[in-house]
Structure formats: structure tokens, C-alpha cells
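Below is one structure, written out as C-alpha cells; the observations come after it.
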Amino acid sequence: MKISSVAGESFGDILKKNGVKGAIAVLVNGTAKDLTAVASGDETIEPIFLESQEGLKILRHSAAHLLAQAVMELYPDAKLNAGPATDDGFYYDIEMPAPTEEDLARIEERMHKLSEADYPIIRKEMSREELIRRFSGNRFKIDKVIANVPDGSKSTVYVQGDFGDFCLGPHVPSTGYIKYFKLLNVASTNYKGDEKETRLVRIYGTVFSNEKDLKGFLQNREEAAKRDHRKIGKEMDLFMFDTDVALGFPFYTPNGVIVRNELMTFMKGLNSEFGWEEVATPHVYRDILWKRSGHYAKYRPNMFVFTLDDGDSYGIKPMNCPGHIIIFQRSPKSYREMPVRYSEQGTVYRYEKSGEVGGLTRPRMFTQDDGHAFLRLDQVLQEVKSILRMVSIVYSTIFGKIDMNYDLSIIDKEKPDDFLISYICSSCGTKIEARKASLSDELSCPNCGGTDFKPDFTHWDQATDQLKAALKDERIVYGEKVGEAAFYGPKIDIHIKDALGRLWQVATIQIDFFMPINFGLFYVNQDGTQEKPVIVHRAIYGSYERFMAILIEHFAGKFPTWLSPLQAYIVPVSEKFDSYARNIASQLSNGGIRAKVDLGSETLNKKLKMIRSMRPSYILVVGEREEKENTVSVRNRKGEQKVMPVNEFIGAVLKEINEKNPVQTV
RNA sequence: GCCGUUGUAGCUUAGCUGGUUGAGCAGCUGAUUCGUAAUCAGCAGGUCGGGGGUUCGAAUCCCUCCAGCGGCUCCA
């Protein structure tokens with residue numbers, strides 16, 4: 001809904017006259033403004049309602065102020081820093097003693113009181129001097145005033161009751177609008193993210209426009225905690241860590257290896273189907289390689305490096321590409337051989353700071369389903385289409401129907417210095433490739449010494465156009481991210497949305513102009529000249545560690561049968577049927593089903609209770625009836641029970657496994 | 001790495017202001033032979049994260065190191 005403004009009237013009044021009710025702010029030429037702000041007359045305005053994206057953002061920012069107000073009332077010595085809205089809530093950074101759980105509850109209670117009091121939120125313009133006077137004693141605010149309000153200009157303070165905060169706004173009209181909120185947790189941060197700076201307490205919270213959304217959010221959070229892969233990984237005995245001997249390095253236990261191997265076998269099959277030859281490369285290289293690849297220049301702080309007693313220095317691989325390049329270089333390549341595609345389930349090691357490692361999502365060692373294709377520039381389109389098809393096969397197979405997001409990250413031509421591009425010398429026409437941001441000296445022509453260059457984006461344009469065409473040909477809707485490209489080339493990043501609505505980045509397809517230069521790669525063209533290939537880096541799962549974490553949290557450990565470590569758990573009703581149970585188990589195992597029989601002396605109920613944490617795909621109970629009729633009593637994950645002939649069960653489950661069916665069929 | 005917070009048996013956990021760690025589950029032994037989410041009894045299992053200190057005495061207080069967890073500019 002678009003409305004023309006009237007000079008001298010407040011936006012709130014204008015909306016009222018136009019019969020618009022319930023708006024909390026207005027969108028004026030794309031910028032959010034308060035209802036109390038006065039129109040100049042030439043604007044087109046749109047109401048913002050609490051339920052909309054913009055409305056929620058305003059509400060969240062206002063909730064941060066409410067939090068600040070409550071904190072200031074309870075802790076008059078506290079010093080406020082900043083309190084923005086976030087994707088799913090808000091926080092406020094405050095210099096104060098760390099609050100306990102009880103303190104947090106008290107603050108939240110105070111917030112509710114302030115909300116009930118329904119203070120109008122009033123926008124006040126103040127000069128720079130007034131602002132500095134008002135916030136003297138709070139250096140964080142003073143810093144912001146000095147940095148953001150030029151001499152002689154004005155800015156705003158938002159006042160609610162006795163509390164006022166330096167803020168651009170806009171805000172909801174009164175504190176009563178902020179009703180359905182919850183303080184979530186307390187974290188700690190440093191002013192400006194600088195570890196030498198003052199420590200601040202960061203209080204996180206969330207707020208919604210209605211109770212239902214808030215409840216849904218909180219339930220989702222609880223569910224996420226229940227599904228935490230670290231917790232389920234322990235329950236299902238999939239992996240472990242031993243932080244004394246290997247901080248950040250996962251150990252896969254037998255059950256975890258089953259899942260990992262299934263994923264790997266699937267990927268290896270696809271690789272071979274799509275023309276990716278498998279290679280295996282060293283994990284440790286002499287430093288000469290890392291100097292050549294450019295990793296020592298940029299990536300060394302993230303690498304494990306060591307020097308032996310004989311003085312030789314080595315680096316453990318943080319990426320697989322150099323190894324694949326060495327293999328590519330073993331013999332000259334003809335244009336006819338291209339593309340050359342190497343794949344490897346390659347384990348890499350990256351030094352993550354001790355405070356940043358955790359679980360399978362931030363390990364120091366992980367295995368990528370890596371692949372490098374060496375291409376002629378004109379082959380990018382076909383290759384990327386082929387990889388996009390692999391991605392689609394992998395994700396639809398594993399998850400069935402799932403939402404996927406595609407981002408195309410491209411160069412920002414306004415900031416060419418950040419990227420590796422070609423330059424043409426304006427005096428002699430020589431073409432050189434460089435990334436200006438990484439140079440210590442000014443760029444000069446190796447031929448004539450000239451320093452005047454014209455940027456040439458031809459390679460980038462050709463590659464980017466082919467990425468776009470590939471996405472279009474595959475009928476993929478994507479978002480374009482200008483300036484988000486890697487410095488060495490454009491890329492496509494692929495995210496999936498899991499069962500709880502969370503986005504995870506998984507696959508990536510990256511064009512690389514950099515490595516071919518560093519390693520002097522070439523293939524021989526039709527006319528006998530040497531031509532530089534481009535490299536496409538690609539990973540489809542991303543890494544097995546991260547992907548395993550996603551699988552666990554998405555399925556809550558209830559994997560599709562083909563991935564399940566325990567596909568059938570067999571329990572005899574009593575000892576008398578042990579031999580029948582054993583017989584069933586061996587039939588299943590011989591058929592290729594991962595089955596386990598429980599012959600212990602516990603009761604049936606106890607066994608069912610105990611096996612629960614393992615999340616077996618199917619539970620088979622056998623007793624007199626089953627033995628007599630050569631059947632099994634099957635219970636699936638939904639808790640449905642049915643009795644069926646052994647052969648029928650084996651046939652159905654094998655079909656389900658072979659088809660990699662994401663849902664149970666029995 | 002920095003900040004906060006936590007650390008008791010394989011797992012989950014009790015232990016108030018300092019006075020020889022208490023339990024449930026898992027494990028082992030025995031009894032029980034059971035029809036879809038815990039049968040009974042007994043046994044064993046703990047350097048209270050590591051080290052140092054204060055004290056007659058430390059899981060508890062202090063220092064230090066290690067690790068888990070939550071975070072570490074989504075700018076007023």
C-alpha cells in the first residue's frame with residue numbers, strides 16, 4: 001500500500017487520515033521512520049506492521065532498548081554499549097557484572113513491568129553538544145556520538161520513561177508493543193570485538209509479535225538442543241573426542257564409520273558415473289609446495305607446520321588441491337583430454353584456535369568429498385551443469401524433498417584490487433595477472449616498466465556468464481552476491497534448510513584462476529600453443545564431519561535405513577526362541593542387512609527401552625507365533641507394528657536400502 | 001587466543017556456610033523366561049579435571065594450568 005505524504009504532518013497522522021490502523025512505523029522511500037516523524041511532503045510512504053519483516057526488526061530493536069532500560073534500573077552503574085536486532089532476536093552489550101540465571105529472570109520481570117507501564121517512546125533531536133553532555137560518563141556512547149554525529153549536526157535520542165538511548169530508530173510507539181519476549185542467554189564480548197578492550201556482557205533475547213510465534217521459536221530451540229549432534233553422537237555411539245590427546249580431532253567409532261562409509265560409497269559411485277577419477281595424495285608436504293601454492297603467504301596461521309631434526313620443514317595439508325595439481329602436472333595435457341577430473345575423499349587439517357573448536361562442525365581435521373576439474377575456459381558451463389546435477393541427486397536422495405538455496409558470488413568491479421584479475425599495460429599492451437590488495441609495491445609492467453594499467457575482466461566475465469547459464473539451464477533460482485566471490489574466482493554456494501528450518505552451507509563450486517598461475521599449469525592447444533586451464537574446486541557434502549552433524553540434527557538420529565548403523569534389532573520374547581531369533585538374524589545379515597540379536601536375560605520391555613538410544617530402523621520381536629509361521633513381528637520408527645513373513649521383510653528392507661529410500665517402507 | 005560459565009564413576013547427577021563423596025542407569029554375578037519404552041537381589045566401580053597453596057582437616061577457600069559449553073563489532 002502506497003500513500004502520498006502531506007507536508008508538515010506526522011506520518012502517523014497521515015496514516016490515520018488514510019484509514020490505516022495498527023502500523024508501528026512507516027517505510028519512506030525504502031527507509032524505516034517513526035510515526036511521529038514529520039513529512040516534508042514529497043515522500044511516498046508505506047505502513048509497517050508488527051508482523052512484517054521490517055516490523056519485527058523494529059520490534060526487536062525496541063526490545064533491546066527495553067532490556068537496557070530494565071538493566072539500568074536494576075544496575076544503575078551499568079554502562080550501555082550497543083543493542084541491535086539480530087536475525088532471530090536482539091542483544092545488548094553492557095559493561096556490568098555478569099548476571100546469573102536469577103539475575104536474568106529479574107531483568108526479564110522488570111522488562112515485563114516496563115512493558116505493562118506502556119511508556120510512549122519519544123524521539124528527541126539533540127545537537128552533538130547536547131548528546132555529549134547527556135551521555136558523559138559513558139564512553140561507549142560518547143565514542144559513537146563522536147564517530148557518527150558531525151559537528152554542527154543533530155541526531156536523536158529515544159526516550160521511554162526516565163530512560164533514553166542514543167539511537168537512529170525507528171521504534172515502536174510505546175513499550176506496550178513489546179510483549180512476547182524472552183531473555184535467552186548471557187555471553188561475553190569485548191568492546192569493538194577487540195580482546196584488549198573492555199569486557200562487556202552480552203545479553204541475548206528474542207521477541208515476537210504474538211505469543212504463538214514466541215512459543216514456536218522457543219520450542220524449536222528446545223528441539224535443536226535435543227538434536228545436538230554431540231548429544232546424539234554419544235547416544236548412538238557414532239564418534240568421540242579425547243581432548244587430552246587430540247583437541248578438535250574426531251574419532252569415529254564403529255557405528256560412525258558405518259554411516260561415513262555408506263556416504264562415501266555413494267559419493268564414489270557418483271564420481272565414477274560423472275567422470276571423476278579417484279586419486280589419493282600425501283597428507284604432508286615439504287614447505288616448498290606451500291610456498292608455491294601461496295598457502296604460506298596467506299594461510300599459514302591456520303596450518304600445522306613442523307620442522308624435523310634435519311632442518312627440513314613440512315606442512316600438513318589444509319586443502320587437497322595442491323596434491324591434485326601435482327598429479328595433473330605429471331604429463332603434458334592435450335586440449336583433447338580436457339576436462340581432467342580428480343576426486344578424493346581427502347582428509348585435511350586446519351589449525352583452529354582452541355576457543356573455536358567444538359563438535360563435528362568446528363574440527364581441526366575433516367574429510368572433504370573433494371574434486372578438482374581442470375578445464376578449458378569454454379568448458380565451465382558443461383562442467384558446472386554436471387556438478388549441479390550431482391548436487392541435486394545427492395540431496396534429493398538423502399533427504400527426499402528439501403529446500404535448497406543457491407548463492408552466486410561474483411566480483412565487485414568497483415573494488416577490483418581485492419580480486420585476482422588481468423591488467424593491460426597502457427603503454428606496451430602487456431597483460432599481467434595480479435591481486436593488487438596483496439602486493440606490497442605498486443604494480444609495474446615487467447616489459448616496459450610502466451605503471452598505468454587498465455583492468456581486464458574478460459576471464460571473470462566469461463566464467464561468471466557460464467555459471468549463470470549453468471544455473472539457468474538447470475532451472476535453479478539463485479541469489480547474486482556482489483563482491484562475495486573468492487579472490488581467485490566466482491563461486492556457487494549451496495545451502496540446505498533442515499527439519500528445524502536452519503540453513504547449512506554444504507556444497508560449493510568455485511572457479512579458480514589463481515592456482516593455474518602459481519603452478520604454471522597448461523595444456524597444449526589445437527595450434528600447438530600452451531594454454532592456461534581454469535580449475536573448478538567442488539565439494540558436494542562439504543565435509544563428512546559437518547555433513548554427519550547435519551544428518552544427525554536433521555533426522556534426530558533416525559537415519560534413512562541405508563545409512564542406519566543398526567537396521568534391524570531382533571528380540572526373542574523368551575529364551576525358548578533364542579535359536580529362532582538367531583536364525584532370523586543370520587538370514588538378515590546374509591542378505592546384507594545390518595542386524596543384531598539380543599539374547600540377554602533382561603525382559604522384553606527392558607531391551608526395547610535400552611535400545612531406544614541407538615535408534616534402530618526396525619525392531620523385530622519373535623516368539624511362538626512367529627516361529628510357528630516363519631514370520632517376524634516388525635515395529636517401525638512410527639511405532640506401527642505388523643507381522644509379516646521373514647522373506648517379505650527381507651525383500652522390502654533390501655529394496656528400501658538399495659533404493660536409498662529416505663522414508664521407511666515397512 | 002580473549003571474555004563469561006561449568007567440570008564429582010562409562011552416562012545422568014546429590015553433596016548447605018570446609019569435617020572420611022550419596023544415588024540412578026550402564027557393567028559384573030545370581031535368580032527370573034517375560035509379547036512391544038525399566039523384573040529382583042547382590043557385587044564392583046570415584047587421583048571429586050590436573051598441579052600448587054591456605055588449614056589440624058579441602059570436592060568445598062585461594063592461585064595456576066587443562067577441558068566442555070555460550071560468545072567474541074549482524075554498528076548508535
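Quick note on labels: first sequence line is chain A, next is B, and so on, each numbered from 1. Computed from a predicted model, the values in this text were never measured in an experiment.
- One distance of note links OG1 of A/Thr253 with CG of A/Asp237; it measures 4.0 Å at 0.5 Å rounding.
- Counting atom types as modelled, A/Glu626 pairs a side-chain N or O with a base atom of B/rG35 as donor and acceptor under 3.5 Å.
- Aromatic ring pairs are classed by plane angle as parallel below 30°, tilted from 30° to 60° and perpendicular above 60°; the pair A/His229 and A/Phe239 is tilted.
- Rounded to whole Å, the distance from CD1 on A/Ile121 to P on B/rA76 is 16 Å.
- Relative ring orientation between A/Trp290 and A/His295 is described as perpendicular, the plane-to-plane angle rising above 60° on a 0-90° scale split at 30° and 60°.
- Atom CE of A/Met610 and atom C1' of B/rG27 are 11 Å apart (whole Å).
- A straight line from CE of A/Met240 to P of B/rC11 spans 11 Å, rounded to a whole angstrom.
- Distance, A/Leu131 CG to B/rA76 P: 15 Å, rounded to whole Å.
- The nearest heavy atom of RNA chain B to A/Val622 and to A/Asn190 marks one nucleotide each, and the one closer to the 5' end goes with A/Asn190.
- Of the candidate nucleotides B/rU32, B/rA76, B/rG68, B/rA76 has the atom nearest to the side chain of A/His65.
- One can place CD of A/Glu602 at 10 Å from C1' of B/rA26, the figure rounded to the nearest angstrom.
- Nearest-nucleotide positions on RNA chain B for A/Val621 and A/Tyr92 put A/Val621 closer to the 5' end.
- Among B/rU36, B/rU33, B/rG70, the nucleotide with an atom closest to any side-chain atom of A/Leu604 is B/rU36.
- Listed candidates were B/rG68, B/rU32, B/rA37. Nearest to the side chain of A/Ser601 is B/rU32.
- Classified by interplanar angle (parallel below 30°, tilted 30° to 60°, perpendicular above 60°), the ring pair A/His171/A/His61 is tilted.
- No hydrogens or angles were tested; on distance alone, a donor-acceptor pair under 3.5 Å links the side chain of A/Ser188 to the base of B/rC3.
- Counting only heavy atoms from C-beta on, A/Tyr204 has its side chain closest to B/rG71 among B/rC34, B/rG71, B/rG4.
- Relative ring orientation between A/Phe249 and A/Phe304 is described as tilted, the plane-to-plane angle lying within the 30° to 60° band.
- For B/rA38, the base has a donor-acceptor partner in the side chain of A/Lys609 [N/O atoms by modelled type, under 3.5 angstrom].
- When the nucleotides B/rC34, B/rU39, B/rA37 are ranked by their closest atom to the side chain of A/Val573, B/rC34 comes out on top.
- In terms of phosphate contacts, A/Lys607 brings no side-chain nitrogen or oxygen within less than 4.0 Å of OP1 or OP2 of B/rU33.
- Interface remark: the A/Thr603 side chain does not form any donor-acceptor pair with the B/rU39 base, using a distance-only criterion of under 3.5 Å.
- Considering only side-chain atoms of A/Glu356, the nucleotide from B/rA26, B/rG68, B/rC72 that sits closest is B/rC72.
- Of the candidate nucleotides B/rG68, B/rC72, B/rU36, B/rU36 has the atom nearest to the side chain of A/Ser633.
- Taking atom CG on A/Asp244 and atom P on B/rG51, their separation rounds to 13 Å, with Å as the unit.
- For B/rG4, neither phosphate oxygen OP1 nor OP2 lies less than 4.0 angstrom from any side-chain nitrogen or oxygen of A/Arg202.
- Within the structure, a side-chain polar atom (N or O) of A/Lys576 is placed less than 4.0 Å from OP1 or OP2 of B/rC34.
- With ring centers used as reference points, A/Tyr544 lies 6.0 Å or more from A/Phe366.
- Look at CE on A/Met614: it is 17 Å from C1' on B/rA37, rounded to the nearest Å.
- Within the 4.0 Å cut-off from OP1 or OP2 of B/rG70, at least one side-chain nitrogen or oxygen of A/Arg230 is found.
- When the nucleotides B/rG4, B/rA37, B/rG70 are ranked by their closest atom to the side chain of A/Ala98, B/rG4 comes out on top.
- Here the side chain of A/Lys606 is nearest to one of B/rA76, B/rC74, B/rA38, namely B/rA38.
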